[in-house]
Asks: 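One structure, as structure tokens, below. Some questions next.
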Amino acid sequence: MIKAFVVGGLICTIGQILIDKTRLTPAKILVIFVIIGCILSALGLYEPLVNFAGAGATVPITGFGHSLVKGVINEIDREGFIGIFTGGVKATAAGISASIVFSILVSFIANSKDK
């Protein structure tokens, strides 16, 4: 648990520093983190981090990028070229579906306000 806490906390700390010290919007930082997860996974550098930290590396948004690449690689091995298009969606479908469902549920409870 300590390894997961440290690694996940470090990833979140980097994100907070980017929010505080740059003019990047949270949406841009989110995209950057997903891309970093994809690149590190494609280079084979993210899997050792997952093996070391477990949920500390898979739960932050960089883990989503890792899941996309891992799904694409697995699906290419199984289905060939079409796996490029289907692998990422298959690998992340549960997380995407859960985020949509919970967003809808929260929208019924909370009232958003313009700033």
Side-chain angles (χ1 to χ4, degrees):
M1 263 195 300
I2 292 171
K3 291 188 264 184
F5 178 78
V6 170
V7 171
L10 183 62
I11 293 170
C12 293
T13 300
I14 292 168
Q16 189 62 50
I17 290 169
L18 289 173
I19 289 172
D20 292 343
K21 301 293 182 184
T22 68
R23 301 189 84 181
L24 294 171
T25 64
K28 289 179 182 177
I29 293 170
L30 178 116
V31 170
I32 290 168
F33 274 28
V34 171
I35 291 170
I36 288 171
C38 289
I39 291 169
L40 291 176
S41 184
L43 295 174
L45 301 174
Y46 205 81
E47 191 66 34
L49 184 63
V50 169
N51 293 336
F52 173 75
T58 57
V59 172
I61 196 67
T62 51
F64 181 73
H66 170 67
S67 295
L68 286 170
V69 170
K70 194 172 176 183
V72 168
I73 291 170
N74 290 340
E75 200 65 18
I76 287 173
D77 291 342
R78 288 185 52 222
E79 300 291 331
F81 181 76
I82 197 74
I84 295 170
F85 305 104
T86 61
V89 175
K90 284 183 180 180
T92 59
I96 293 170
S97 298
S99 65
I100 291 169
V101 168
F102 289 119
S103 297
I104 291 170
L105 292 175
V106 169
S107 74
F108 292 134
I109 299 168
N111 292 326
S112 63
K113 297 179 179 134
D114 292 332
K115 288 186 175 184

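Computed from a predicted model, the values in this text were never measured in an experiment.
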Asks: Among the clusters formed by ILVMFWY side chains lying less than 4.5 Å apart, do Ile104 and Val106 turn up in the same one?
Replies: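 No; tracing contacts between hydrophobic side chains, which count when under 4.5 Å, never links both residues.
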Asks: Quick one: do Phe64 and Ile29 end up in the same hydrophobic cluster if we chain Ile, Leu, Val, Met, Phe, Trp and Tyr together by side-chain heavy atoms under 4.5 Å apart?
Replies: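 Cluster IDs for Phe64 and Ile29 match.
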Asks: Please report the interatomic distance CZ(Phe5) to SG(Cys12), rounded to the nearest 0.5 Å.
Replies: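 Interatomic distance, Phe5 CZ to Cys12 SG, rounded to 0.5 Å: 9.5 Å.
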Asks: Go through it in stages, so that I can follow the logic: the residues are Phe33 and Leu18, the test is side chain to side chain contact (heavy atoms under 4.5 Å, CB included), and I'd like the CA-CA distance, side-chain angles, deciding distance and then a yes or no.
Replies: CA-CA 11 Å; Phe33 274 28; Leu18 289 173; 3.8 Å; yes
Asks: Is it true that Val89 and Val69 fall in one hydrophobic cluster, defined by side-chain heavy atoms closer than 4.5 Å?
Replies: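 No, Val89 does not connect to Val69 through the hydrophobic network.
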Asks: Could you see if Leu68 belongs to whatever hydrophobic cluster contains Leu43? Use Ile, Leu, Val, Met, Phe, Trp, Tyr and a side-chain cutoff under 4.5 Å.
Replies: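 Per the 4.5 Å side-chain linkage, Leu68 and Leu43 are co-clustered.
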Asks: Where is the tightest heavy-atom contact between Ser67 and Ala91, given as atom of each residue plus distance?
Replies: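 Minimum heavy-atom contact is O-CB, 3.5 Å.
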Asks: Under a 3.5 Å distance rule, please check whether Ser97 uses its side chain to pair with a backbone N or O of Ala94 as donor and acceptor.
Replies: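 Checked: no pair found.
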Asks: Are Ile11 and Ile61 grouped together when hydrophobic residues (ILVMFWY) are joined by side-chain heavy atoms under 4.5 angstrom apart?
Replies: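 Same hydrophobic cluster.
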Asks: Has Ile2 got more than 12 heavy atoms of other residues, nucleotides or ligands less than 6.0 Å from its CD1?
Replies: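 No, not enclosed.
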Asks: First locate atom CD1 of Ile35, then atom CG of Leu30, and finally report the distance between them rounded to the nearest 0.5 Å.
Replies: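 Going from the CD1 atom of Ile35 to the CG atom of Leu30 covers 10.0 Å.
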Asks: What heavy-atom pair brings Pro60 and Ala55 nearest, and what distance separates the two atoms?
Replies: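 Closest heavy-atom pair between Pro60 and Ala55: CD-O, 3.7 Å.
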Asks: Begin from the C-alpha positions of Asn74 and Lys70 and carry the test side chain to side chain contact (heavy atoms under 4.5 Å, CB included) through to its verdict.
Replies: CA-CA 6 Å; Asn74 290 340; Lys70 194 172 176 183; 4.1 Å; yes
Asks: Apply side chain to side chain contact (heavy atoms under 4.5 Å, CB included) to the pair Ile96 and Ile100, showing each step before the final yes or no.
Replies: CA-CA 6 Å; Ile96 293 170; Ile100 291 169; 4.0 Å; yes
Asks: CD/Glu79 to CD1/Ile84 distance, rounded to the nearest 0.5 angstrom?
Replies: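 The CD1 atom of Ile84 is 12.5 Å from CD of Glu79, to the nearest 0.5 Å.
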Asks: Look at the side chain of Thr92 and the backbone N and O of Gly95, then say whether any donor-acceptor pair between them is shorter than 3.5 Å.
Replies: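 Checking the backbone N and O of Gly95 against the side chain of Thr92, no donor-acceptor pair under 3.5 Å is found.
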Asks: Nearest 0.5 Å, what's the CZ-NZ distance between Arg23 and Lys28?
Replies: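 With rounding to 0.5 Å, CZ (Arg23) is 10.0 Å from NZ (Lys28).
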Asks: Hey, are the side chains of Leu40 and Thr62 touching, using non-hydrogen atoms and a 4.5 Å cut-off?
Replies: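 Not touching, per the 4.5 Å side-chain cut-off.
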Asks: I need the Ser41 OG to Ile36 CD1 distance, nearest 0.5 Å.
Replies: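 That separation rounds to 13.5 Å.
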Asks: Quick one: does Tyr46's side chain have a donor or acceptor within less than 3.5 Å of a partner on Ile39's backbone?
Replies: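 Absent.
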Asks: Hey, could you give me the CD1/CD1 distance between Ile32 and Ile14, rounded to the nearest 0.5 Å?
Replies: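 Nearest 0.5 Å value for the CD1-CD1 distance: 12.0 Å.
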Asks: Check Val50, Leu49, Val7 against Thr58 for a side chain to side chain contact (heavy atoms under 4.5 Å, CB included) and give me the one that passes.
Replies: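 Answer after filtering Val50, Leu49, Val7: Val50.
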Asks: I need the minimum non-hydrogen distance between Glu75 and Gly83, along with the two atoms involved.
Replies: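 Heavy atoms only, the tightest pair is CG-CA, 3.5 Å.
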Asks: Can you check whether Gln16 reaches Ile19 side chain to side chain, under 4.5 Å on heavy atoms?
Replies: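 Yes, at least one pair of side-chain atoms sits under 4.5 Å.
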